[in-house]
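Protein chains get the first letters and strands the later ones, always in sequence-line order, with residue 1 at the start of each.
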There are 2 protein chains.
Amino acid sequence: MTRVLVVDDDPQILRALKINLAARGYTVLTAPDGTRALHVAAHDHPDVIVLDLGLPDLDGADVITGLRGWSTTPIIVLSARTDSGDKVEALDAGADDYVTKPFGMDELLARLRAAVRRATTHAVAGEPVVHAGALDIDLAGKQVTRDGVVVHLTPTEWGILELLARHHGRLVTQRQLLAEIWGPHYRNETHYLRVYLAQLRRKLEPDASHPRHLITEPGMGYRFQP
Amino acid sequence: MTRVLVVDDDPQILRALKINLAARGYTVLTAPDGTRALHVAAHDHPDVIVLDLGLPDLDGADVITGLRGWSTTPIIVLSARTDSGDKVEALDAGADDYVTKPFGMDELLARLRAAVRRATTHAVAGEPVVHAGALDIDLAGKQVTRDGVVVHLTPTEWGILELLARHHGRLVTQRQLLAEIWGPHYRNETHYLRVYLAQLRRKLEPDASHPRHLITEPGMGYRFQP
DNA sequence: CGGGAGCGCTAAGAATGCGTCAAGATCGGT
DNA sequence: ACCGATCTTGACGCATTCTTAGCGCTCCCG
């Protein structure tokens, strides 16, 4: 289920969007201002964000910058301002699209689909299954098997493994992992990673004390070696 | 340099876009109709496509579909039609953005930048690897191999090597290295560099006392010679 | 010829980061 | 409200990495 975060200070628009999106099968999260938008985004990790400019507390570009600091979630900006300077500012700050009010609901939905499609096709580019020795990681199905047997992972364990598997072979920094899975405020809680990597190794590695796939790069991060 | 394919049957618009894009440093390819657009796209692999709807030969949605069959290159649609049905059709066919004429050039440029940025940040292909004799430095994966064998580097060692490799062939001053890796307060601690360069040579060079890649420029700094 | 500056090299203690275990705290479902 | 699963937090031993010091070398220049 695709999860959309809608940010708007006008309760009426918020309600209209919520109803329309929910009717199309989206799960809708809402926030009435920039501060709470950043908070919800960090906490719930929506798949796409619809952001109204002209929020009461923060400047729109600052909200975008705040999100882009740690997340690549697509952002579609809504605005009553038709001024091209605003569009340029928002897009250069990292927005993916810019729609001016009044907007057609079907156009917004089409742009939403386009944004989600881009994000998912790029992420899953190629095969949705990563093989590594006796492990098969099904990214689409969110399931891991070891020697053909399904291994049960908790949501956090899966989040870490998924992120590492999507970048398999590459080093993923601790900050990256923490920001993606716990949120940007947890960037320094490297302790969490040690605990969870140990759990993952115990569940997935043949010899947990001599890992072959979940490799630690001291001081830098972790690497999934297929 | 980013390469843009502009598709439009109106020579005047084509010319205006070409001039504006070229002035911003883009390399511009052009095509006057759908058939040739598909041909040029297949042959030259542009980084982004600006596509006018209402081409003389093919329906716009068909051009998009034709491109999407094999390519994920970002497509920005231009159109005089403000009808939301057209927008939905184009976006659902696989377009990334939809701009209605008349459009502001700076807005189009901003949307172009946004499309290119998305495509490149998500890009898995085209990994930047610097080769130097028996050394392969994978900048994205943060990994070095020597004769195909992975060499383990500490964070500081990697930081120095990365900085030198990113400027390969050019001289990097000691102050630059110290400021980038230890912070601006350490600008005079040239001693650190001597210690770490020695370690790097021991790990990477065939003959550490006669370095071929990690070259000292006395009194100035260091240079990575591929 | 002598002295100083800059560099290469080694080695030791200090500091940091990692793995591990285990005990609370929290969450979600019944 | 209870119970199991999951997430947070703390403490400890151990290994790696960073920092710092010392010494010999070469080069340059007076």
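- Atom NE2 of A:His43 is surrounded by 12 or fewer heavy atoms from other residues, nucleotides or ligands within 6.0 Å.
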Measure all distances between protein nitrogen or oxygen atoms and nitrogen or oxygen atoms of nucleotides 26-29 of chain C, and list the pairs falling under 3.5 Å.
none

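- When the P atom of C:dC18 is taken as reference, atom CZ of A:Arg223 falls 15 Å away, rounded to whole Å.
- The nearest whole Å value for the distance from the CH2 atom in A:Trp158 to the P atom in D:dT6 is 15 Å.
- In this structure, the CG atom of A:Leu178 is 14 Å from the C1' atom of C:dG17, given to the nearest Å.
- You'll find the side chain of A:Leu204 reaches within 4.5 Å of the side chain of A:Leu161, heavy atoms only.
- What separates CZ of B:Arg202 from P of D:dT17 is a distance of 13 Å, to the nearest Å.
- Of the residues in residues 190-201 of chain B, those placing a heavy atom less than 4.0 Å from an atom of DNA chain D are B:His191, B:Tyr192, B:Val195, B:Tyr196, in numerical order.
- With respect to the salt-bridge test (charged N to carboxylate O, under 4.0 angstrom), the residues A:Arg36 and A:Asp57 do not qualify.
- The aromatic rings of B:His45 and B:Trp70 lie perpendicular to each other, with more than 60° between the two planes, well past the 30° mark.
- Counting heavy atoms from C-beta outward, A:Phe224 and A:Leu163 have side chains that stay 4.5 Å or more apart.
- Atom P of nucleotide D:dT8 and atom CD of A:Glu157 are separated by 12 Å, given to the nearest angstrom.
- The side chain of B:Trp182 places no N or O atom within less than 4.0 Å of a non-bridging phosphate oxygen (OP1 or OP2) of D:dC18.
- Remark: A:Arg68 CZ is packed, more than 12 non-hydrogen atoms of other residues, nucleotides or ligands lying under 6.0 Å away.
- B:Leu153 has its side chain within reach of B:Leu200: a pair of non-hydrogen atoms, C-beta onward, lies under 4.5 Å apart.
- Atom CZ of A:Arg81 is surrounded by 12 or fewer heavy atoms from other residues, nucleotides or ligands within 6.0 Å.
- In this structure, A:Thr154 does not reach the D:dA5 phosphate: none of its side-chain N or O atoms is under 4.0 Å from OP1 or OP2.
- A straight line from NE2 of A:His185 to P of D:dT8 spans 14 Å, rounded to a whole angstrom.
- As rounded to whole Å, 12 Å separates atom C1' of C:dC18 from atom NE2 of B:His152.
- Among the atoms of the strands shown, only primed sugar atoms or phosphate atoms (P, OP1, OP2) are found under 4.0 Å from some heavy atom of B:Tyr222.
- Atom CG of B:Leu153 and atom C1' of D:dT16 are 14 Å apart (whole Å).
- In the region residues 203-219 of chain A, proximity to DNA chain D at under 4.0 angstrom, judged on heavy atoms, holds for none of the residues.
- Under the 4.0 Å criterion applied to side-chain N and carboxylate O atoms, A:Lys101 and A:Asp8 are assigned as salt-bridge partners.
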Is there a side-chain hydrogen bond (donor to acceptor under 3.5 Å, both in side chains) between A:Ser84 and B:Asp106 once you walk through the steps?
CA-CA 7 Å; A:Ser84 92; B:Asp106 46 357; 3.0 Å; yes

Salt bridge (charged side-chain N to carboxylate O under 4.0 Å, His left out) between B:Lys142 and A:Glu217: does it pass, once the steps are laid out?
CA-CA 10 Å; B:Lys142 294 192 192 297; A:Glu217 299 280 358; over 6 Å; no

